[in-house]
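Numbers here are sequence positions counted from 1.
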Amino acid sequence: MSSLIKEYVNRVDFDSYDDFKTNFKFKIPENFNFAFDIVDKYAKEDPEKIALVWCNDANEEEIFTFKDMKNYSNKVANFFTSLGIKKGDAVMLTLKNRFEFWFSMMGLHKIGAIAIPATHMLKVKDMTYRIKSAEVKMILSVDEADLIKDYEKSEKQLNLRLKKVLVGDKTGNKEINGWLNFTKEIKESSEDFKRPTGSAGTNNEDPLLIYFSSGTTGQPKMVKHNYIYPLGHIITAKYWHNVVEDGLHHTSADTGWAKTSWGSLYGQWIAGSALFIYDYNRFDPINLLEKVKKYKVNTFCAPPTIYRFLIKEDLTNYDFSNWTYATTAGEPLNPEVYNKFYDISGLKIREAFGQSETVAIVANFIWIDPKPGAMGKPAPLYNIELLDMEDNIAEIGEEGEITVNVENGSPPGLFEEYYKDEEKTRESWYDNHYHSGDTAWKDEDDYLWFIGRTDDIIKSSGYRIGPFEVESALITHPSVLECAITGYPDLIRGQVVKSTIVLAKGYTPSEELKKEIQNHVKSVTAPYKYPRIVEFVDELPKTISGKIKRKEIRTEDEN
């Protein structure tokens with residue numbers, strides 16, 4: 001069968017970006033439930049259609065059809081229901097890239113429970129905060145000793161008795177006191193699960209999932225999305241990723257990151273593409289490329305960090321012929337990376353902008369000729385406005401905060417609120433705008449260019465310096481593999497520019513290299529932006545999604 005996308009949009013094909021921006025509309029059904037209305041419908045009408053291709057570094061492989069997805073998610077729903085999980089209950093998942101994540105998410109959607117994907121890098125204090133804040137009732141975790149122990153410590157600190165499920169034991173025989181074995185329980189669960197009705201059924205406004213967003217200040221915020229959220233990712237998958245119907249799409253993302261919802265779950269399935277999941281313990285760029293080549297992935301998305309690693313490898317003999325599209329998001333893409341990858345592969349990396357709170361709201365959509373370093377243009381139904389310090393619309397070339405004007409309604413994919421936090425919701429939602437906290441500028445062709453988080457912008461001797469533009473200059477030097485630009489306290493200038501650099505293979509730190517890098521930046525961008533402080537490090541602090549944690553660098557420098 002063809003994809004289900006036609007059921008949820010007014011048109012599928014458009015002649016141009018302007019046609020897309022002006023005329024694209026969603027068709028929103030009543031009581032939409034992705035698990036029943038997409039997964040189970042494919043299972044009924046085309047049961048052998050491939051949904052998920054999974055592999056790992058141990059050369060294990062699993063291929064699941066939509067019929068498999070329906071059956072396994074029904075088993076999960078029955079298993080969870082038997083534990084007392086019901087509509088509105090919060091369930092936290094730290095499953096890395098185990099295929100059981102996809103079964104579990106669909107099972108939770110069918111029950112109406114609230115899914116809370118989380119990174120396996122959480123520590124006790126992180127777990128405790130999340131479990132308490134979201135009133136979590138059950139934990140699903142991969143079988144890793146440290147995670148298991150930390151969850152148990154958190155449970156004791158909170159004086160709770162949570163339902164706990166161990167995922168990843170293929171035999172179904174492993175026993176840990178207090179933990180149920182996912183494999184064993186699923187084997188014993190029924191494949192029949194009827195769609196709940198009445199008060200037990202789901203509504204469009206019900207909470208579907210919560211992401212804990214790692215903001216620049218304070219504790220993470222709970223980003224709540226409703227059951228319409230998956231439809232918003234039609235824009236992400238069809239018109240930015242450009243997925244191939246009955247093809248294979250890969251997005252490099254841990255399931256604890258919202259990028260999984262962007263690239264490895266909702267929009268891709270609605271548009272008819274299967275997902276390729278590579279479950280690795282340690283990232284290796286060559287291993288990733290070999291897996292992508294072996295399984296003939298068509299469309300590929302990864303954060304700029306991965307592309308930066310790829311261009312430093314010798315890829316002259318790598319065959320990119322099966323790739324039709326390459327995209328990136330998560331942080332700005334340096335023009336140097338864009339240009340080098342294009343030289344190697346012949347593919348233009350198409351950047352997009354969004355947050356845990358949104359879908360792809362600005363992107364280099366399929367009709368747009370990308371400008372290296374530009375985020376692209378606004379998505380349809382998203383009235384993007386750049387507002388200056390006085391909340392006036394910024395002129396062309398002027399910086400402003402990226403906001404979404406919702407005066408005429410909130411589009412699918414935009415979050416509703418920060419769960420259980422009216423104060424933080426009010427700080428971001430006011431005057432009929434969602435305020436993203438990110439800053440950009442618009443050029444004369446209506447392309448948007450990222451500057452930085454409001455908190456990341458450096459104020460030095462009266463100048464406002466965005467970290468991205470300096471990082472883009474730095475990375476053109478052959479010695480720089482990765483870098484972060486931050487403001488360093490200075491009594492005279494207020495702040496000076498500091499660069500924290502990870503060196504490429506074959507380079508070693510030295511005072512001579514520092515001077516060379518500083519002079520290089522002066523030669524490729526305005527001299528006042530050059531880093532007066534250069535620090536070489538083995539690695540940069542990052543979130544699980546690969547975003548550089550500039551705040552952590554700033555905090556260390558201020559102490």
Legend entry - salt bridge (charged side-chain N to carboxylate O under 4.0 Å, His left out) partners for K170, two or more places apart: E60
Inset, instruction - Find out whether I85 and K137 are in side-chain contact, i.e. whether some heavy atom of one side chain is under 4.5 Å from a heavy atom of the other. - result: yes
Inset, instruction - Would you check if the side chain of T403 reaches a backbone N or O of E385 as a donor-acceptor pair within less than 3.5 Å? - result: yes
Legend entry - Any donor-acceptor N/O pair, Y382 side chain to L414 backbone, under 3.5 Å: yes
Legend entry - With D150 via salt bridge (charged side-chain N to carboxylate O under 4.0 Å, His left out) - residues at least two apart: none
Inset, instruction - Taking the side chain as every heavy atom from C-beta outward, state whether E61 and Y295 have any pair of such atoms under 4.5 Å apart. - result: yes
Legend entry - Validation row: N31, Y227 side chains within 4.5 angstrom (heavy atoms): no
Legend entry - Nearest-0.5 Å distance that lies between atom CD1 in I38 and atom CG in L231: 7.0 Å
Inset, instruction - Describe, in one word, how the ring planes of F415 and Y418 are oriented to each other, choosing from parallel (under 30°), tilted (30 to 60°) and perpendicular (over 60°). - result: tilted
Legend entry - Donor-acceptor contact below 3.5 Å, side chain K110 vs main chain R195: no
Inset, instruction - Return the orientation label for the Y129 and F212 ring planes: parallel under 30°, perpendicular over 60°, tilted otherwise. - result: perpendicular
Legend entry - Salt-bridge contact D143-K174 (side-chain N to carboxylate O under 4.0 Å): yes
Inset, instruction - Scan W269, F103, W102, W54 and name whichever one has a ring-ring contact (aromatic ring centres under 6.0 Å, His included) with F64. - result: F103
Legend entry - Among Y278, Y325, F300, ring-ring contact (aromatic ring centres under 6.0 Å, His included) partner for H250: F300
Inset, instruction - Report yes if some heavy atom in the side chain of L208 is under 4.5 Å from a heavy atom in the side chain of F34; otherwise report no. - result: no
Inset, instruction - Could you check if a side-chain atom of H249 sits within less than 4.5 angstrom of a side-chain atom of C301, using non-hydrogen atoms only? - result: yes
Legend entry - Nearest heavy-atom neighbours spanning K96 and N281: NZ-OD1, 3.2 Å
Legend entry - Carboxylate-amine/guanidinium contact K156 E152, below 4.0 Å: no
Inset, instruction - Measure the spacing between CD of E48 and CG of D68 and express it to the nearest 0.5 Å. - result: 7.5 Å
Inset, instruction - Using atom types as modelled and distance alone, determine if a side-chain donor or acceptor of E155 lies under 3.5 Å from a backbone N or O of L162. - result: yes
Inset, instruction - Assign the ring pair Y8 / F32 to parallel, tilted or perpendicular, where the plane angle (0 to 90°) is split at 30° and 60°. - result: perpendicular
Legend entry - Parallel, tilted or perpendicular, as decided by the 30° and 60° cut-offs, for the rings of Y239 and F14: perpendicular
Legend entry - Over-ring placement of K49 relative to Y42, 6.0 Å and 45° cut-offs: yes
Inset, instruction - Answer yes if the side chains of H120 and E144 hold a donor-acceptor pair under 3.5 Å, and no otherwise. - result: no
Inset, instruction - Mark yes or no for whether D37, through its side chain, and N33, through its backbone, hold a donor-acceptor pair below 3.5 Å. - result: yes
Inset, instruction - Could you label the plane-to-plane angle of the W429 and Y434 rings as parallel, tilted or perpendicular, counting under 30° as parallel and over 60° as perpendicular? - result: tilted
Inset, instruction - Please assess D89 against K86 for the test salt bridge (Lys or Arg N to Asp or Glu O under 4.0 Å), listing each intermediate value before the final yes or no. - result: CA-CA 6 Å; D89 286 345; K86 60 186 184 302; 3.5 Å; yes
Legend entry - From OG1 (T260) to CG (N97), nearest 0.5 Å: 6.5 Å
Legend entry - Sidechain-backbone polar pair: N78 side chain, S189 backbone, donor-acceptor under 3.5 Å: no
Inset, instruction - Determine whether V76 and F182 make a side-chain contact, defined as any pair of heavy atoms from C-beta on separated by less than 4.5 Å. - result: yes
Legend entry - Distance (rounded to the nearest 0.5 Å) between C55 SG and F276 CZ: 3.5 Å
Inset, instruction - Measure across P29 and N204 and return the closest heavy-atom pair with its distance rounded to 0.1 Å. - result: O-ND2, 2.9 Å
Inset, instruction - Indicate the atoms forming the closest heavy-atom contact of A360 with A379, along with that distance. - result: O-CB, 3.5 Å
Inset, instruction - Identify the heavy atoms of S213 and E357 that sit nearest to each other, and give their distance. - result: OG-OE2, 4.0 Å
Inset, instruction - Report yes or no: does D431 contribute a side-chain atom to a donor-acceptor pair with the main-chain N or O of H433 at less than 3.5 Å? - result: no
Inset, instruction - Report, as yes or no, whether the 6.0 Å neighbourhood of atom NZ on K21 holds more than 12 heavy atoms from other residues, nucleotides or ligands. - result: yes
Legend entry - Nearest-0.5 Å distance that lies between atom CG in L209 and atom CD1 in I116: 9.0 Å
Legend entry - Smallest separation among heavy atoms of G88 and I114, with atom names: O-CD1, 3.5 Å
Inset, instruction - Compare all side-chain heavy atoms of D126 with those of T119 and state whether any distance is below 4.5 angstrom. - result: no
Legend entry - Considering all heavy atoms, the nearest I548-A484 contact: CG2-CB, 3.6 Å
Legend entry - Geometric class of the H233/Y229 ring pair [parallel <30°, tilted 30-60°, perpendicular >60°]: perpendicular
Inset, instruction - Check step by step if side-chain hydrogen bond (donor to acceptor under 3.5 Å, both in side chains) holds for D438 and Q355. - result: CA-CA 10 Å; D438 285 311; Q355 301 173 315; 2.9 Å; yes
Inset, instruction - Keeping the roles fixed (side chain from R350, backbone from I368), state whether a donor-acceptor pair exists under 3.5 Å. - result: yes
Inset, instruction - Please confirm whether the backbone N or O of I402 pairs with a side-chain atom of S436, one donor and one acceptor, at under 3.5 Å? - result: yes
Legend entry - Donor-acceptor contact below 3.5 Å, side chain K25 vs main chain N10: no
Legend entry - Close side-chain approach of S104 to L93, heavy-atom, < 4.5 Å: yes
